[in-house]
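On a predicted model such as this, the values are computed, not experimentally measured, just so you know. The chain is numbered in sequence order, starting from 1. All heavy atoms count here, side chains included; hydrogens, waters and symmetry mates do not.
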Amino acid sequence: MEWRIKLEAKTGWGEVTEVEIASLSRRTIAATDEDVGMSLTESKVILAALQQAIVTTQIDEYVTCARVCRSCLSFLSIRDRRSRKLQTLFGTVVVSAPRIRVCACINEFGLEDKSVSPLAHLLPDRCTPELRRLQAELGSRLSFREAGYMLSTLLPCSPPTHSSIRNRLGRVADDLDERYWQLASEARTLAKAETETTNRSPVTVILDGAHIRAIPTTQSRLVDVTVGKVLDSKGNSRRFGFAPRGAAAIQDTLRATLIAQGWQPGSAVTVISDGEPALRNLVKLATGEPVIHILDWWHLSIRVQHIEQTIVGMRALEAPAHPTISFAAAEAGRLRHLLWNGYAEEAWQLVHTIQSWVRRIFDFAGPV
């Protein structure tokens with residue numbers, strides 16, 4: 001049994017060309033399980049041939065269209081011809097990359113560079129963005145050598161070196177950082193326009209720190225990491241994280257995140273953290289404004305738990321019959337909710353009440 005794979009290409013002006021990509025043959029009578037379907041090697045060869053045919057015809061038509069001057073619509077001449085290798089997800093493709101003379105209507109001011117390469121503007125890195133993103137993703141999850149081995153095993157792309165994956169991972173990170181600042185600038189512009197018409201509620205920043213184990217090659221055993229989330233008045237969130245030792249301009253990054261969520265200089269910022277002074281000072285330095293600090297629920301509960309444990313310890317003094325011990329146990333649970341909901345004055349009065357009850361229990365139990 002035999003199959004033939006053909007590709008039909010139709011240009012923008014109606015020309016149709018047909019190219020045979022590959023052919024497959026399988027035996028039918030004496031077939032084995034190895035003859036069922038395509039093998040990985042055959043699929044890589046077919047994908048590479050298909051990519052070569054598609055990219056070649058696509059680049060040829062792109063260069064042909066680029067030879068038309070957009071000002072006077074004259075057909076420009078080619079200064080020289082050369083070939084370029086383009087790295088794609090399905091193989092390295094060799095294409096024609098001619099240099100085109102600049103039209104006289106554009107070069108009337110005497111430009112030094114009198115020729116341009118359309119392919120250099122289309123793919124300056126000589127690599128498709130999809131391959132670059134995949135290499136960056138695998139390089140961030142695996143070692144660079146392991147990522148290159150996995151790509152070359154499953155796909156017909158050229159085996160990349162570990163340095164290529166590392167460099168492309170760095171470029172993708174730079175592109176993401178540039179895009180982030182661009183979005184932050186756009187969000188700042190929109191937030192400024194919205195603030196002129198409506199009064200926005202203050203944003204809330206939730207921060208926490210952690211210590212993670214460093215890789216053996218570093219000088220320290222642990223790495224300090226700070227992660228957080230910024231909430232706006234509508235409940236929309238934006239997360240961020242950084243390592244203080246390895247990050248540059250931490251305050252600028254946090255300030256850009258706040259601005260992207262609608263914060264404006266002069267407006268209030270609420271910080272929820274574990275009580276670490278460095279965390280709320282980080283927000284204070286980024287905003288340049290005073291912040292409202294709230295202890296998070298878990299750390300607030302831990303502080304109230306000390307009072308609850310003290311009341312539980314009263315039972316060890318053989319004073320369970322005292323009437324105030326049951327009141328103290330019930331009110332200790334209410335103390336947590338008073339603190340979390342911001343009733344500081346009532347919580348302070350309740351602490352004094354519980355303290356007086358505990359003294360009565362000690363007096364009832366007598367000397368230990």
Side-chain angles (χ1 to χ4, degrees), residues 3-12 15-25 37-67 78-100 113 115-176 178-179:
W3 296 268
R4 290 184 179 180
I5 303 175
K6 296 183 179 181
L7 177 67
E8 182 180 282
K10 184 178 181 180
T11 62
E15 295 182 0
V16 179
T17 57
E18 187 178 279
V19 180
E20 183 174 344
I21 300 300
S23 61
L24 295 174
S25 61
M38 292 191 306
S39 64
L40 179 60
T41 304
E42 290 172 337
S43 63
K44 291 168 67 174
V45 172
I46 293 174
L47 283 175
L50 183 63
Q51 185 79 316
Q52 176 73 40
I54 292 177
V55 174
T56 301
T57 55
Q58 187 179 13
I59 294 299
D60 290 343
E61 185 170 359
Y62 176 79
V63 172
T64 303
C65 295
R67 293 179 62 183
I78 294 178
R79 182 175 180 178
D80 58 41
R81 296 182 180 272
R82 60 187 68 182
S83 60
R84 289 288 182 267
K85 291 183 178 180
L86 298 181
Q87 294 183 1
T88 69
L89 194 61
F90 304 111
T92 301
V93 180
V94 180
V95 296
S96 176
R99 293 188 64 85
I100 302 173
D113 193 359
S115 61
V116 294
S117 175
L119 194 60
H121 295 280
L122 181 64
L123 294 171
D125 197 24
R126 300 185 186 181
C127 175
T128 57
E130 186 178 19
L131 176 61
R132 185 166 58 246
R133 287 193 296 266
L134 184 58
Q135 289 180 347
E137 181 177 357
L138 292 178
S140 62
R141 298 175 181 270
L142 307 171
S143 65
F144 297 146
R145 297 184 188 275
E146 188 67 21
Y149 173 76
M150 181 176 295
L151 282 173
S152 61
T153 301
L154 300 178
L155 297 173
C157 58
S158 301
T161 61
H162 67 281
S163 59
S164 298
I165 297 180
R166 179 189 60 204
N167 295 336
R168 283 172 180 165
L169 176 61
R171 293 193 192 100
V172 170
D174 294 338
D175 293 341
L176 290 176
E178 183 179 355
R179 180 59 178 167

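- Every residue two or more places apart in sequence or in another chain that forms a side chain to side chain donor-acceptor pair (under 3.5 Å) with Ser163 is listed here: Thr161.
- Within the 4.5 Å cutoff, the side chain of Arg126 has no heavy atoms near those of the Lys85 side chain.
- Using a 4.5 Å heavy-atom threshold, the side chains of Ser96 and Val63 count as separate.
- For the atom pair OG1 (Thr128) and CG (Leu123), the distance works out to 7.5 Å, reported to the nearest 0.5 Å.
- Separation of atoms CD1 (Ile100) and CZ (Arg79) is listed at 12.5 Å; rounding is to 0.5 Å.
- In this structure, Leu119 CG and Ser83 OG are separated by 11.0 Å, a value rounded to the nearest 0.5 Å.
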Using a 3.5 Å cut-off and no angle test, enumerate the donor-acceptor pairs between side-chain atoms of residues 131-139 and protein atoms at least two apart in sequence or in another chain.
unit_1	atom_1	unit_2	atom_2	d
Arg132	NH1	Asp125	OD2	3.4
Gln135	OE1	Arg168	NH1	2.9

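- Considering CD1 of Ile46 and OG of Ser23, their distance stands at 8.5 Å, rounded to 0.5 Å.
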Sequence neighbours left out, cut at 3.5 Å: what donor-acceptor pairs do the side chains of residues 142-152 make with other protein atoms?
unit_1	atom_1	unit_2	atom_2	d
Ser143	OG	Glu146	N	3.3
Ser152	OG	Gly148	O	3.1
Ser152	OG	Tyr149	O	3.0

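- Residue Lys44 comes nearest to Leu154 through the heavy atom pair CG-O, 4.2 Å, listed as atom of the first residue, atom of the second, then distance.
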Query raised in the report: Could you go step by step and tell me if Ile59 and Val93 meet the side chain to side chain contact (heavy atoms under 4.5 Å, CB included) rule?
Result: CA-CA 11 Å; Ile59 294 299; Val93 180; over 6 Å; no

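- Taking CD from Gln51 and CG from Leu86, the interatomic distance works out to 9.5 Å, rounded to the nearest 0.5 Å.
- Atom CG of Leu155 is separated from atom CG of Leu47 by 8.0 Å, given to the nearest 0.5 angstrom.
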